[in-house]
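First up is the structure itself, then whatever we jot down about it.
On a predicted model such as this, the values are computed, not experimentally measured, just so you know. Only heavy atoms go into these numbers, but all of them, side chains included; no hydrogens, no water, no symmetry mates.
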Amino acid sequence: MKPFNSKALLQIAAAAALSAVSFLAPVAARADAVEDFYKDKLVTFLVSAPAGSLTDLVARSFAEHFKSHMAGNPNVAVLNLPGAGGMMAAAQLQLKEPDDGTVIGFLQRNNLYVPLIEGEKTGFDPRELEWLGSLEKVAYAMVATDKSEVQTTEDLFEKPLILGATGFSNENRTLPAMLNDMIGTKFKIIHGYDARGEVYLAMERGEVDGWASTVAGLSVPDTKQMLDHGRLKVLLHLGFESPAPFENVPNLSAYLTKSEDKELYSFFTRSMEAGRPIGVPKGVPADRLAALRKAFDEAAADPDFIAAMKARDYPVEAINGAAVEQVVKDLYATSEATLAKVRAVTTAEEQN
């Protein structure tokens with residue numbers, strides 16, 4: 001046996017230590033570079049909705065919590081750029097904002113699929129953004145007032161229900177319109193109301209009998225009060241599950257059975273899995289993008305942020321950036337035959 005060589009052992013140990021330091025140094029350097037970049041920087045949240053709207057309130061709260069989880073603890077500001085159903089802010093983010101990680105888009109779910117329907121005229125392509133994640137999953141439900149002749153799910157197939165809706169291509173019009181064709185509901189849809197509040201005023205005045213509401217919208221205090229006092233009733237979930245707190249209300253799983261109809265309907269509901277998408281322009285350096293995604297994940301799970309949203313009856317159901325990217329990939333994998341039907345639904349004159 002060779003004698004123990006302590007000098008050789010020390011040389012090996014020193015080499016191993018040097019190798020470990022060499023391996024870790026780039027990682028530490030990258031982390032320091034991100035922190036140095038964001039220190040004293042201003043990060044702008046570009047919000048695709050008006051000041052004072054629910055989207056704006058959520059964005060402002062999230063921006064403050066995001067800041068505390070971001071390397072370098074940068075300053076944050078919110079810039080509202082509403083218009084064209086959020087497409088104005090989306091196009092601005094992709095085409096005109098710097099790709100250095102200092103501008104973050106707080107966008108809308110229709111930004112993920114409208115370019116497929118309307119083409120290049122939107123000036124936006126969701127595949128040209130890097131996605132950090134989404135804060136919300138969206139579900140819709142059909143509601144009617146106590147003054148309506150329609151009071152049960154079965155009534156939807158036997159009696160007309162006059163609905164209020166906002167934009168012609170908005171989900172609160174397109175989903176009920178599709179169900180008329182697919183399962184024989186008898187919705188009469190009056191679109192063109194500016195916002196949710198106008199629809200509820202129209203319901204109180206008796207101009208319309210109901211509308212397709214988001215499930216989250218049913219927890220807003222004034223709407224919840226209407227439900228609690230029996231002045232409003234949930235009749236049908238416009239999805240394939242019945243979410244809380246309306247688990248006993250029927251959903252489309254028993255009615256929407258044709259595969260071609262499911263594919264068409266699912267085109268719209270797929271984007272709802274990323275109901276509040278947040279992204280940055282492509283070109284953001286990889287280390288900053290990783291830091292932004294990490295900050296998103298941590299801020300979305302921050303107990304203080306969740307508590308703040310709960311106080312506003314806003315449910316946080318976050319998904320990460322990879323999940324949003326998958327939603328976009330699924331939408332862009334839609335067959336041309338189905339897209340033709342989608343365009344007909346969103347652009348053809350209403351036949352009700």
Please say yes or no: joined through hydrophobic side-chain contacts below 4.5 Å, possibly via intermediate residues, are [X] and [Y] part of one cluster?
X	Y	result
L42	I104	no
V47	L95	no
L54	L201	no
L107	L57	no
Y255	V345	yes

- Message: Among R231, Q225, K224, exactly one meets side chain to side chain donor-acceptor pair (under 3.5 Å) together with D228. Which residue is that?
- Response: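 Of R231, Q225, K224, side chain to side chain donor-acceptor pair (under 3.5 Å) with D228 is met by K224 alone.
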- Query: Taking the six-membered ring of F168, is the NZ or CZ of R173 close enough (under 6.0 Å from the centre) and on axis enough (within 45°)?
  - Reply: yes
Do you know the tightest heavy-atom contact between [X] and [Y]?
X	Y	value
A295	M70	CB-SD, 3.8 Å
L46	V103	CB-CG1, 4.4 Å
A165	V199	N-CG2, 4.3 Å
P176	I189	CB-CD1, 3.9 Å
A300	L135	CB-CD2, 3.8 Å
F267	I117	CE2-CD1, 4.2 Å

- Can you list the steps and then say if V138 with R109 is a side-chain contact (heavy atoms from CB on, under 4.5 Å)? CA-CA 9 Å; V138 176; R109 61 188 174 276; 3.6 Å; yes
- Query: When you look at Y113 and R270, which way does the side-chain contact (heavy atoms from CB on, under 4.5 Å) test go after all the steps?
  - Reply: CA-CA 10 Å; Y113 67 79; R270 184 69 180 105; over 6 Å; no
Rounded to the nearest 0.5 Å, what separation is found between the [atom1] atom of [X] and the [atom2] atom of [Y]?
X	Y	atom1	atom2	answer
T102	N75	OG1	CG	12.5 Å
L161	Q151	CG	CD	9.5 Å
K159	E154	NZ	CD	11.0 Å
D302	H69	CG	NE2	3.5 Å
K341	T346	NZ	OG1	14.0 Å
K262	L256	NZ	CG	7.0 Å

- Do the two ring centres, one from F62 and one from F296, sit under 6.0 Å apart? yes
Check whether [X] reaches the backbone of [Y] with its side chain - one donor and one acceptor, N or O, closer than 3.5 Å.
X	Y	value
S61	V58	no
T166	H191	no
S242	V249	yes
N170	G167	no
T145	G210	no
Y38	R288	no
N111	Q108	yes

- Task: Please report the C-alpha distance between L238 and M142 in whole Å, then the side-chain angles of each, then the deciding distance to 0.1 Å, and finally whether the side-chain contact (heavy atoms from CB on, under 4.5 Å) criterion is met.
- Result: CA-CA 7 Å; L238 304 188; M142 190 58 59; 3.8 Å; yes
- Evaluate the ring planes of H237 and F246, with Trp represented by its six-membered ring, and classify them as parallel (under 30°), tilted (30 to 60°) or perpendicular (over 60°). tilted
Does atom [atom1] of [X] have more than 12 heavy-atom neighbours, drawn from other residues, nucleotides or ligands, at distances under 6.0 Å?
X	atom1	result
E241	CD	no
K41	NZ	yes
K282	NZ	yes

Do [X] and [Y] come within less than 4.5 Å of each other through their side chains, counting heavy atoms only?
X	Y	value
L289	L132	yes
L79	F45	no
K39	N73	no
V150	F187	no
L129	F124	yes
P115	D125	no
Y140	M272	yes
I183	L252	yes

- For the pair W131 and N320, evaluate side-chain contact (heavy atoms from CB on, under 4.5 Å) and give the outcome as yes or no after the intermediate values. CA-CA 8 Å; W131 296 101; N320 63 23; over 6 Å; no
- Quick one: list whatever passes side-chain contact (heavy atoms from CB on, under 4.5 Å) with T223, sequence neighbours left out.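 So T223 forms a side-chain contact (heavy atoms from CB on, under 4.5 Å) with R196, Y200, L218, V220, L232.
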- Message: According to side-chain contact (heavy atoms from CB on, under 4.5 Å), who are the partners of S53, at least two apart in sequence or on a separate chain?
- Response: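 Once residues adjacent in sequence are excluded, the partners of S53 under the side-chain contact (heavy atoms from CB on, under 4.5 Å) criterion are A49, P50, T55, D56.
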- With a 4.0 Å cut-off, would you call K258 and E260 a salt bridge?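 No.
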- Is the shortest distance from a Lys or Arg side-chain nitrogen in E130 or R293 to a carboxylate oxygen in the other one below 4.0 Å?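 So E130 pairs with R293 through a salt bridge.
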